[in-house]
Amino acid sequence: EPEVTQTPSHQVTQMGQEVILRCVPISNHLYFYWYRQILGQKVEFLVSFYNNEISEKSEIFDDQFSVERPDGSNFTLKIRSTKLEDSAMYFCASVSRGIDTEAFFGQGTRLTVV
Amino acid sequence: AQSVAQPEDQVNVAEGNPLTVKCTYSVSGNPYLFWYVQYPNRGLQFLLKYITGDNLVKGSYGFEAEFNKSQTSFHLKKPSALVSDSALYFCAVRDRQSSASKIIFGSGTRLSIRP
């Protein structure tokens, strides 16, 4: 069964450093998302990506965040200068087509900022 | 704005008993509703969805959910709970007003099944 894969599974970084979280969505999917979850709590929307551009972003997704789909398969989330409060689980998700289809999530990357 | 609410942070059930995890929604137009489960240190796993049709939808691992339009609810149910059902459960709605139809999650309900 196809799945969304994320790397690394755990990333520890110093405050102020840049991190790149990587995702490989399911190959024929069209919509891509990043979510984050702090300490097993609510799952928060960060950004959605469609047709090679950001279609929507939340207030969390400020200038420190960026996304890219550099080669048609990988989907990356970059945090330019990490803060302590960026520590969270980051989930990538993809959707095949329209609003009536479910999203498939990766296993997540646990980001720890020290 | 589209939203879902899960009024219970925690639900405790004895193994073999029926379980219900509650969810209410607030949407404009027809709702597209989902349930996801999260096991410890894992991603979100799709359980079931309601798009249209029968109000009772069946999903993975013996779970089902009942869509009730008059009560704006979409409660998750299982006739006989297993210890392995212990996990974090999220109700979700697709945001029809969102350009990319993002999924909006409820706050989650921790289900604990005691042997």
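Chain A is the first sequence line, chain B the second, and so forth, proteins listed ahead of strands; every chain is numbered from 1. Side chains included, hydrogens not; waters and symmetry mates left out as well; all remaining heavy atoms used.
In this structure, the portion of Gln41(A) lying under 4.5 Å from any heavy atom of chain B is its backbone and not its side chain. Looking at Leu44(B), both its backbone and its side chain come within 4.5 Å of chain A, counting heavy atoms on both sides. Using a 4.5 Å cut-off between heavy atoms, Val95(A) touches chain B through its side chain atoms alone. Interface remark: Phe49(A) contributes no atoms to any contact with chain B (heavy atom separation under 4.5 Å).
Around CZ of Arg69(A), the count of heavy atoms belonging to other residues, nucleotides or ligands within 6.0 Å exceeds 12. Residue Arg80(A) places its CZ atom among more than 12 non-hydrogen atoms of other residues, nucleotides or ligands, all under 6.0 Å distant. For Asp63(A), the CG atom sits in a loose shell: 12 or fewer heavy atoms of surrounding residues, nucleotides or ligands are nearer than 6.0 Å. Counting non-hydrogen atoms of other residues, nucleotides and ligands closer than 6.0 Å to CD of Gln10(B) gives a total above 12.
Under a hydrophobic clustering in which Ile, Leu, Val, Met, Phe, Trp and Tyr are joined whenever their side-chain heavy atoms come within less than 4.5 Å, directly or via other members, Phe105(B) and Trp34(A) fall into different clusters. Residue Tyr36(B) is not grouped with residue Ile26(A) when hydrophobic side chains (ILVMFWY) are merged at heavy-atom distances under 4.5 angstrom, including chains of intermediate members. Both Val13(B) and Tyr89(B) belong to a single network of hydrophobic side chains, linked directly or stepwise wherever heavy atoms of I, L, V, M, F, W or Y lie under 4.5 Å apart. Linking Ile, Leu, Val, Met, Phe, Trp and Tyr residues whenever their side-chain heavy atoms come within less than 4.5 Å leaves Val4(B) and Val43(A) in two separate clusters. Residue Phe46(B) is not grouped with residue Phe32(A) when hydrophobic side chains (ILVMFWY) are merged at heavy-atom distances under 4.5 angstrom, including chains of intermediate members.
In terms of heavy-atom pairs under 4.5 angstrom with chain A, the leader among Gln45(B), Gln38(B), Arg94(B) is Arg94(B). Ranked by heavy-atom pairs shorter than 4.5 Å toward chain B, the options Lys42(A), Met89(A), Gln37(A), Gln107(A) are led by Gln107(A).
When atom types are taken as modelled, the side chain of Tyr33(A) and the backbone of Ile103(B) share no donor-acceptor pair closer than 3.5 angstrom.
For residues 16-31 of chain B, an interface with chain A (any heavy-atom pair closer than 4.5 Å) does not exist. At a heavy-atom cut-off of under 4.5 Å, chain A is reached by Ile51(B) from residues 50-82 of chain B, listed in order of number.
Between atom CZ of residue Phe34(B) and atom OG1 of residue Thr101(A) there is a gap of 7.0 Å, rounded to the nearest 0.5 Å.
Scanning all heavy atoms of the two residues, the minimum distance from Lys102(B) to Phe45(A) falls at CD-CD2, 3.3 Å.
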